[in-house]
Trainee: 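There's a structure below that I have some questions on.
On a predicted model such as this, the values are computed, not experimentally measured, just so you know. In this chain, numbering begins with 1 at the start of the sequence shown.
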Amino acid sequence: MWIQSLWNSGQFGPALVISWIAWVIVSITMHELAHGWVAIRRGDTTPIDTGHMTWNPLVHMGPWSLIMLLLVGIAWGAMPVDPTRIRGRHGEALVLIAGPAMNLLLAILAFIGLALWEPIAARAGVQDPLLSNFVWFFKTGVMLNIVLMLFNLLPVPPLDGGRILAHYSRGFASFVYSPNGQWITFGAFLLVFLLVGRQIFAVGFALVEIGEAIVRLILPAP
């Protein structure tokens, strides 16, 4: 199991495991709540009616998602909305983009934490392993939320990007929501996940490293 493998991988294995699980749960929960908040603002009370406007991650992720998180390290979430109740031509698109936008915000907040943590910790006399554990915590938050944002923006249903494309393209929507189209798009989703997932993670790691390099240039060494 990935937890045991990573836990025993080195000095910071336990910190990485805890950071990954914590960030996955928080990021998915906030992603889904962002969908709900915007849907409510646009006139759809379905998130409230179904009891999904809660901080409880079990409501958003469900037991199977949490089990998959523990087994293989990946998870998913859902926020029920009713497009017919959403006001405005671009209302549904705004609801859909809210999730990736929340992941971008969380990545920015985690990056700010990463940039400020080492100088503050150095002045406070914080030593390893606590110093490095929090560095990995913030790094994980930046990388994971960048990955979630980019992945969800891919134009493949049921990802947010694919649903946004279906909202603006009637032809694409007719194909996607047809019986044959649903199977084809599901297959396309699995293919994209297998082929593009590794590259998106690589982009996430690269952006974290670039961000750290910029911070070192701007902020004085502790």
Trainee: Transitively linked via ILVMFWY side-chain contacts under 4.5 Å: Leu16 with Val26?
Mentor: no
Trainee: In a table with atom names and distances, give each donor-acceptor pair under 3.5 Å that connects a side chain of residues 190-203 to protein atoms at least two apart or in another chain.
Mentor:
none

Trainee: Between the side chain of Ser169 and the main-chain N/O of Leu165, is any donor-acceptor distance below 3.5 Å?
Mentor: no
Trainee: For Thr45 and Ile48, indicate whether the former's side chain and the latter's backbone hold a donor-acceptor pair under 3.5 Å.
Mentor: no
Trainee: Strictly distance-based, threshold 3.5 Å: is any side-chain N or O of Ser65 a donor or acceptor partner for the main-chain N or O of Ala75?
Mentor: no
Trainee: So do the side chains of His167 and Phe172 get within less than 4.5 Å of each other, counting heavy atoms only?
Mentor: no
Trainee: Name the residue from Asn56, Thr54, Thr50 that meets the side chain to side chain donor-acceptor pair (under 3.5 Å) definition with His52.
Mentor: Thr50
Trainee: Quick one: does Arg41's side chain get under 4.5 Å of Arg87's, heavy atoms only?
Mentor: no
Trainee: Would a hydrophobic clustering, with Ile, Leu, Val, Met, Phe, Trp and Tyr connected at side-chain separations under 4.5 Å, put Ile18 with Ile28?
Mentor: yes
Trainee: Clusters formed by hydrophobic residues whose side-chain heavy atoms approach within less than 4.5 Å: which one holds Trp183, and what are its other members?
Mentor: none
Trainee: By the side chain to side chain donor-acceptor pair (under 3.5 Å) test, which pairs, at least two apart or in different chains, include something from residues 16-34?
Mentor: Ser27-Asn145, His31-His35, His31-Asn103, His31-Asp160
Trainee: Treating Ser132 as the side-chain partner and Pro129 as the backbone partner, does any N or O pair qualify as donor plus acceptor under 3.5 Å?
Mentor: no
Trainee: Which pairs pass salt bridge (charged side-chain N to carboxylate O under 4.0 Å, His left out) with one or both residues in residues 183-193, sequence neighbours excluded?
Mentor: none
Trainee: Sequence neighbours left out, what passes side chain to side chain donor-acceptor pair (under 3.5 Å) with His60? Give chain and number order.
Mentor: none
Trainee: Taking only residues two or more places apart in sequence or in another chain, which ones pass ring-ring contact (aromatic ring centres under 6.0 Å, His included) with Phe186?
Mentor: none
Trainee: Identify whether Met149 and Leu33 are in the same connected component of the hydrophobic contact network (ILVMFWY, side-chain heavy atoms under 4.5 Å).
Mentor: no
Trainee: Quick one: salt bridge (charged side-chain N to carboxylate O under 4.0 Å, His left out) pairs with a partner in residues 133-154, sequence neighbours left out?
Mentor: Lys139-Glu212
Trainee: Sequence neighbours excluded, which residues qualify as side-chain contact (heavy atoms from CB on, under 4.5 Å) partners of Leu159?
Mentor: Phe151, Asn152, Leu154, Phe189
Trainee: Restricting to side chain to side chain donor-acceptor pair (under 3.5 Å), what partner residues turn up for Tyr177, sequence neighbours left out?
Mentor: none
Trainee: Within this structure, what is the CD1-CD1 distance for the pair Ile86 and Ile40, rounded to the nearest 0.5 Å?
Mentor: 11.0 Å
Trainee: When you measure from the side chain of Arg163 to the backbone N and O of Pro157, does any donor-acceptor pair fall under 3.5 Å?
Mentor: no
Trainee: For Val126, what residues pass the side-chain contact (heavy atoms from CB on, under 4.5 Å) criterion, not counting sequence neighbours?
Mentor: Trp117, Ala121, Ala124, Leu130, Leu131
Trainee: Apply side-chain contact (heavy atoms from CB on, under 4.5 Å) to Asp82 and list each qualifying residue two or more places apart in sequence or on a separate chain.
Mentor: Asp44, Thr46, Thr84, Arg85
Trainee: Under 4.5 Å between side-chain heavy atoms, hopping through other hydrophobics if needed: is there a path connecting Leu106 to Ile146?
Mentor: no
Trainee: With rounding to the nearest 0.5 angstrom, report the CE to CE distance, Met102 to Met30.
Mentor: 4.0 Å
Trainee: Show the atom names and distances, to 0.1 Å, of all donor-acceptor pairs under 3.5 Å that link a side chain in residues 107-114 to residues at least two apart or in another chain.
Mentor:
none

